[in-house]
Protein chains: 2
Amino acid sequence: MPDRVPTSRPGGRSGRVRTAIYTAVGELMGEGVDKISFPVIAERAGVNPTTLYRRWDDVNALLEEVAVAALTRDGESLPDTGSLERDLTEWATLIARDITRPERVRYLRAMVSARVEIVSRCVLTETRREQAAEMVRRAGERGETAPTVAQILDHVIAPLYYRVVFALPVDHDHAQRLVGDVLVMAGRPQP
Amino acid sequence: MPDRVPTSRPGGRSGRVRTAIYTAVGELMGEGVDKISFPVIAERAGVNPTTLYRRWDDVNALLEEVAVAALTRDGESLPDTGSLERDLTEWATLIARDITRPERVRYLRAMVSARVEIVSRCVLTETRREQAAEMVRRAGERGETAPTVAQILDHVIAPLYYRVVFALPVDHDHAQRLVGDVLVMAGRPQP
DNA sequence: TTGTTAAAGCAAAGATATTTGCTTAAGGTT
DNA sequence: AACCTTAAGCAAATATCTTTGCTTTAACAA
């Protein structure tokens with residue numbers, strides 16, 4: 001073999017350490033600790049601070065990574081009830097329940113905060129866009145008139161996130177009302 | 001005189017110092033500086049760091065104060081064109097232009113960030129609510145059918161802020177489309 | 001197994017941030 | 001103008017974070 005390719009090694013210890021760090025961040029976020037620094041995270045994770053300094057540029061980079069991981073792995077399977085109204089209502093209700101959980105709120109706020117990469121924020125919104133598109137597609141196949149994907153994002157997703165982020169009340173009734181509203185626009189000619 | 005009531009004294013030097021600090025924060029925010037600490041702000045303001053430590057609990061408290069001040073004093077007078085559609089369109093367009101300015105985006109993100117007092121966030125949303133209520137009231141007086149205030153907040157304001165906060169495009173056309181959408185719901189029976 | 005190497009631990013040095021006691025400046029009052 | 005008081009400035013002490021060179025551990029390949 002002429003050359004040795006340096007191999008990265010994600011398994012084993014490195015993986016365990018990363019898991020410990022992610023868990024520590026999650027705990028601290030959930031507890032509302034407001035002085036989240038590398039030394040603090042390291043202590044909670046039972047890991048040497050140097051490891052954090054070597055692996056991430058700064059605390060925000062780490063927070064971003066954890067937040068994306070937490071916010072994108074949603075076990076929620078997409079509703080498929082045979083009716084767009086019911087699909088949207090279930091979907092919106094699930095999202096409402098999900099993003100009002102305290103750690104989720106903190107993650108969301110962290111994602112939004114100044115120094116997080118724009119691409120990471122797009123990952124979040126992109127997931128919702130794909131889900132909405134899928135439900136609209138199915139509705140179209142059934143011959144239902146449906147709002148556009150943009151309308152669903154603007155009038156169902158946006159209000160939910162807006163309210164969470166600005167600490168306004170969010171619940172099932174609200175989610176349902178949003179869906180009712182957006183369905184009224186279904187088929188409205190787009191300029 | 002049996003007792004001396006300690007008097008606060010907002011005028012003069014204290015006021016100048018506070019102004020210098022607010023200005024410094026505004027500049028640093030606008031420049032995208034990401035290591036905003038008391039020492040950094042103090043240097044920019046030409047003020048002693050101790051003053052900051054004595055006046056605010058931490059950097060976030062100060063940032064919050066400045067952000068609220070910046071976001072609530074909007075010179076925008078409320079549109080009053082004689083038509084709800086035009087009022088809303090002008091209003092939404094103004095807001096869109098306003099909140100997409102780089103410093104505003106940073107202030108918004110700062111407001112949203114984890115450690116800001118909930119009451120402060122309410123100040124922001126409350127202003128918008130009052131403006132919407134006023135326009136709806138006028139529309140009612142003219143006998144126009146109008147969406148509810150909640151609908152305007154959910155379907156016009158929320159999408160604008162959502163998009164800004166998640167780094168999605170916002171412009172006049174978008175604002176106009178939102179207004180068109182919300183007007184379709186005008187008069188829809190609320191559950 | 002055994003060797004190689006990426007990544008973690010350790011410890012000391014360096015840089016920043018934060019606190020604290022005291023001094024000085026300047027509004028506001030008499 | 002002379003005084004009292006709040007708040008700012010200053011400087012030294014302290015705590016916390018961040019970097020760095022070196023050592024040790026343990027995953028992976030031969």
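Each chain gets a letter, A, B and so on, in the order the sequences are listed, and its residues count up from 1.
R55(B) comes within contact range of the sugar-phosphate backbone alone, with a heavy-atom separation under 4.0 Å but no base atom that close.
With hydrogens and angles left out, the side chain of R54(A) and the base of dG9(C) share a donor-acceptor pair within 3.5 Å.
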Sort me out a list of protein N/O and nucleotides 17-19 of chain D N/O pairs below 3.5 Å, or just none if empty.
| from | atom 1 | to | atom 2 | distance (Å) |
| --- | --- | --- | --- | --- |
| dC17(D) | OP1 | S37(A) | OG | 2.9 |
| dT18(D) | OP2 | Y53(A) | OH | 3.0 |
| dT18(D) | O5' | Y53(A) | OH | 3.3 |

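Partners of F38(A) by ring pair (Phe, Tyr, Trp, His ring centres under 6.0 Å), not counting sequence neighbours, listed by chain and number: Y53(A). Considering only residues two or more places apart in sequence or on other chains, A42(B) meets the side chain to side chain contact (heavy atoms under 4.5 Å, CB included) condition with P49(B), L52(B). Under the side chain to side chain donor-acceptor pair (under 3.5 Å) criterion, Y22(B) pairs with E65(B), not counting sequence neighbours. Scanning for side chain to side chain contact (heavy atoms under 4.5 Å, CB included) contacts around E130(B) gives E126(B), with sequence neighbours left out. Residues that satisfy the side chain to side chain contact (heavy atoms under 4.5 Å, CB included) test with E43(A), not counting sequence neighbours, are absent from this structure.
Listed by first and then second residue, the ring pair (Phe, Tyr, Trp, His ring centres under 6.0 Å) pairs that reach into residues 132-158 of chain B are H155(A)-H155(B), sequence neighbours excluded. Applying the ring pair (Phe, Tyr, Trp, His ring centres under 6.0 Å) test to every pair with at least one member in residues 78-101 of chain A, sequence neighbours left out, gives no pairs at all.
Recorded end-axis angle for the helix from dT1(C)-dA30(D) to dT30(C)-dA1(D) stands at 40°, based on five pairs per end and rounded to 10 degrees.
By the rule that hydrophobic residues join a cluster once side-chain heavy atoms approach within less than 4.5 Å of another member, V105(A) and V68(A) end up as members of one cluster.
Residue R16(B) has a polar side-chain atom (N or O) positioned under 4.0 Å from OP1 or OP2 of dG27(C). Taking 4.0 angstrom as the limit, T51(B) places a side-chain polar atom (N or O) nearer than this to OP1 or OP2 of dG9(D).
As a whole-Å value, the separation of L52(B) CG from dT16(C) C1' is 15 Å. Nucleotide dT16(D) holds its P atom 16 Å from the CG atom of D58(B), rounded to whole Å. Regarding R13(B), its CZ atom lies at a distance of 13 Å from the P atom of dT24(C), rounded to whole Å. For the pair N48(A) CG and dC22(D) P, the computed distance is 17 Å after rounding to whole Å. When rounded to the nearest whole Å, the span between CD1 of I36(B) and C1' of dT16(C) equals 16 Å.
With rounding to the nearest 0.5 Å, the separation of CG in L88(B) from CD1 in I95(B) is 9.5 Å.
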